[in-house]
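Okay, so here's the structure we're looking at.
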Amino acid sequence: MKLLFVVQRYGREVFGGAEAFTRQLSGKLAGRGHQVEVLTSCAIDYSEWRNGYPAGDEVLDGVLVHRLPVTRPRDPGQFASIHRRVFGSPGWPATMVQEEWLRLEGPWLAGLPGWLAARSAAYDANIFVTYLYWPTWAGLKVAAAPTVLHPTAHDEPPAYLPLFDEMFRLPDAFGFLTPEEADFVRRRFRVDRPSIVSGIGIDLDQPGDEAAFRRRFGLGDDPYLACVGRTDPGKGSPELFDFFVAYRRRHPGPLKLVYIGEEVYPLERHPDVVMTGFVDEETRTAGIRGATVLVQPSYYESFSLVLVEAWAEAVPALVQGECAVLAGQCRRAAGGLPYRGYAEFEAAVELLLGDAGLRRQLGQAGRAYVRANYRWEVILERYEAFLEGLRHLRARVGPALLTVPAAAPTVR
């Protein structure tokens, strides 16, 4: 098949869940013989969308990448002002204000609609990743069928903007990462299209030296909780810090908290909290492998890859129970415990630290779940069958009639 992915950023230097999913999926599909291309921006950083890559085409891991320059980088002050106007007042502003917010949300690629209008019909599927950014909103309006949207959506304020109601009726099909994401989209937007709950694949038994990780970050033989990803209030990083410090006051001992990832939002310094900063994949894997428990404190997730990575290493998890996606992943895998608030966090940490058998049981259950559901060969076989079904549907009804009415049955 000839496939086009449309995503806001793409490259080895780009770090973000949706972007990593796109790069992994597109690369794996190219490795299976499909002709895969990506339409994206020249931006590396999402905070201002400044052009960091040269415009034009390059081949990256077997994927042909088309980069369009960002028309105008985001002005943080201007964006903050319109963001307050859109989300800080009762009711929604006029559509033109919402559209201006989305253009500033970015990345604004003035050449994207024309590029897609001229070329998208040549692909068997045009696959858009992430609902929140301008390229998806502008691109779905002009792309030829069949179109697939991976919203990577969760229950957050932007998802309720009326601006997105029309956009969620444009795709011919949806790709979801969890059943909870699928339920949220159907409940919020009242759409029912052919869809797949794909998840994100993982390669088991990745390299990583746990002993070297402990030496590098001065952990010795101490047990530690690991939190993986950039520090961010929306990801629950500051709250986890506060919970851990309170726990250590009440329970003296050797336990450490290790943040593995870029410190975007600065946290206070504490003798029992270790900040690794950005690390490579092997170091990240080693840090997860050596953890006593992985903690996923985020309130907003459409899928947590780090949970899958922890379970692949047979590491049990504590997850933010207020996030339906995390609680659902944990429940299906039987690989960890949810918590809501400090009291439950404290009780769960005490339980897991004191019961090695329970940790082992949860970790092994998680690994078995990952092996059955999230190996790349499992994901790719399902995804290829899904795309083939769309291609056959297009052949039967023609591109102009491909969009399925809201009452049509959903492909699971």
Side-chain angles (χ1 to χ4, degrees), residues 8-9 13-21 43-50 52 73-84 86-88 101 104-107 130 132-133 152 154-159 217 224-249 256-281 283-284 287-288 291 293-307 309-310 317-323 325-326 339-342 345 349:
Q8 60 274 5
R9 298 182 297 161
E13 297 79 10
V14 170
F15 299 99
E19 293 89 344
F21 165 66
I44 298 175
D45 176 65
Y46 72 93
S47 61
E48 295 185 11
W49 302 113
R50 295 194 178 278
R74 180 199 286 171
D75 180 316
Q78 184 184 23
F79 179 67
S81 176
I82 196 169
H83 190 82
R84 287 192 298 269
V86 171
F87 296 103
W101 172 85
L104 294 174
E105 171 76 352
T130 300
L132 187 59
Y133 295 109
T152 66
H154 45 259
D155 194 343
E156 61 179 349
F217 296 105
Y224 65 90
L225 310 178
C227 179
V228 181
R230 69 181 186 272
T231 60
D232 184 294
K235 297 293 185 181
S237 312
E239 181 183 80
L240 175 60
F241 179 92
D242 292 341
F243 282 8
F244 177 78
V245 171
Y247 179 88
R248 290 293 283 109
R249 283 199 301 264
K256 301 290 192 296
L257 171 61
V258 180
Y259 285 94
I260 304 173
E262 185 179 3
E263 190 177 2
V264 176
Y265 180 88
L267 299 174
E268 296 178 34
R269 291 305 180 250
H270 187 280
D272 295 316
V273 177
V274 176
M275 311 294 298
T276 71
F278 172 76
V279 295
D280 60 33
E281 289 296 323
T283 304
R284 170 191 167 103
I288 294 172
V293 177
L294 177 115
V295 185
Q296 203 345 344
S298 177
Y299 282 86
Y300 303 113
E301 295 292 324
S302 56
F303 180 89
S304 178
L305 178 59
V306 71
L307 274 183
E309 292 172 329
L318 283 180
V319 306
Q320 174 56 256
E322 297 292 347
C323 178
V325 167
L326 297 181
Y339 66 88
R340 292 178 175 84
Y342 174 74
F345 173 83
V349 171

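All of these numbers come straight from a predicted model, not from anything done at the bench.
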Review point. Do E239 and Y299 have side-chain atoms, one donor and one acceptor, less than 3.5 Å apart?
Key: yes

To the nearest 0.5 Å, tell me how far [X] [atom1] sits from [Y] [atom2].
{"X": "L307", "Y": "I288", "atom1": "CG", "atom2": "CD1", "value": "10.0 Å"}
{"X": "E262", "Y": "M275", "atom1": "CD", "atom2": "CE", "value": "10.5 Å"}
{"X": "E301", "Y": "T152", "atom1": "CD", "atom2": "OG1", "value": "10.0 Å"}
{"X": "Y300", "Y": "D232", "atom1": "OH", "atom2": "CG", "value": "10.5 Å"}
{"X": "D272", "Y": "F244", "atom1": "CG", "atom2": "CZ", "value": "5.0 Å"}
{"X": "L257", "Y": "H270", "atom1": "CG", "atom2": "NE2", "value": "9.5 Å"}

Point to revise | Centroid separation F79 to W49 less than 6.0 Å | key: no

For [Y], is there any backbone N or O sitting under 3.5 Å from a side-chain donor or acceptor partner on [X]?
{"X": "Y259", "Y": "L267", "value": "no"}
{"X": "Q320", "Y": "E322", "value": "yes"}
{"X": "Y342", "Y": "D242", "value": "no"}
{"X": "S302", "Y": "H154", "value": "no"}

**Study point:** Note: E263-R269 ion pair, threshold 4.0 Å (strictly below)
**Key:** yes

Review point. Any chance CD of E13 has more than 12 other-residue heavy atoms, nucleotides or ligands included, within less than 6.0 Å?
Key: yes

Exercise for review: Check whether more than 12 heavy atoms from other residues, nucleotides or ligands sit under 6.0 Å from atom OH of Y265, and answer yes or no.
Suggested key: no

**Study point:** Pairs involving residues 73-82, ordered by first then second residue, that meet salt bridge (Lys or Arg N to Asp or Glu O under 4.0 Å) (sequence neighbours left out)
**Key:** R74-E105

Provide the closest heavy-atom pair for [X] versus [Y] in the form atom of the first, atom of the second, distance.
{"X": "S304", "Y": "L326", "answer": "CB-CD2, 3.4 Å"}
{"X": "S298", "Y": "G234", "answer": "OG-O, 3.6 Å"}
{"X": "Q8", "Y": "P107", "answer": "CB-CD, 3.7 Å"}
{"X": "F345", "Y": "Y247", "answer": "CE2-CB, 4.4 Å"}
{"X": "T130", "Y": "Y133", "answer": "CG2-CD1, 3.6 Å"}
{"X": "A43", "Y": "R9", "answer": "O-CG, 3.8 Å"}

Review point. Step by step, would you call L318 with V349 a side-chain contact (heavy atoms from CB on, under 4.5 Å)?
Key: CA-CA 8 Å; L318 283 180; V349 171; 3.6 Å; yes

Please tell me if the side chains of [X] and [Y] come closer than 4.5 Å, counting only heavy atoms from C-beta onward.
{"X": "P297", "Y": "C227", "answer": "yes"}
{"X": "T231", "Y": "K235", "answer": "no"}
{"X": "F243", "Y": "L225", "answer": "no"}
{"X": "V279", "Y": "I260", "answer": "yes"}
{"X": "T283", "Y": "T276", "answer": "no"}

Exercise for review: Return the orientation label for the F87 and W101 ring planes: parallel under 30°, perpendicular over 60°, tilted otherwise.
Suggested key: perpendicular

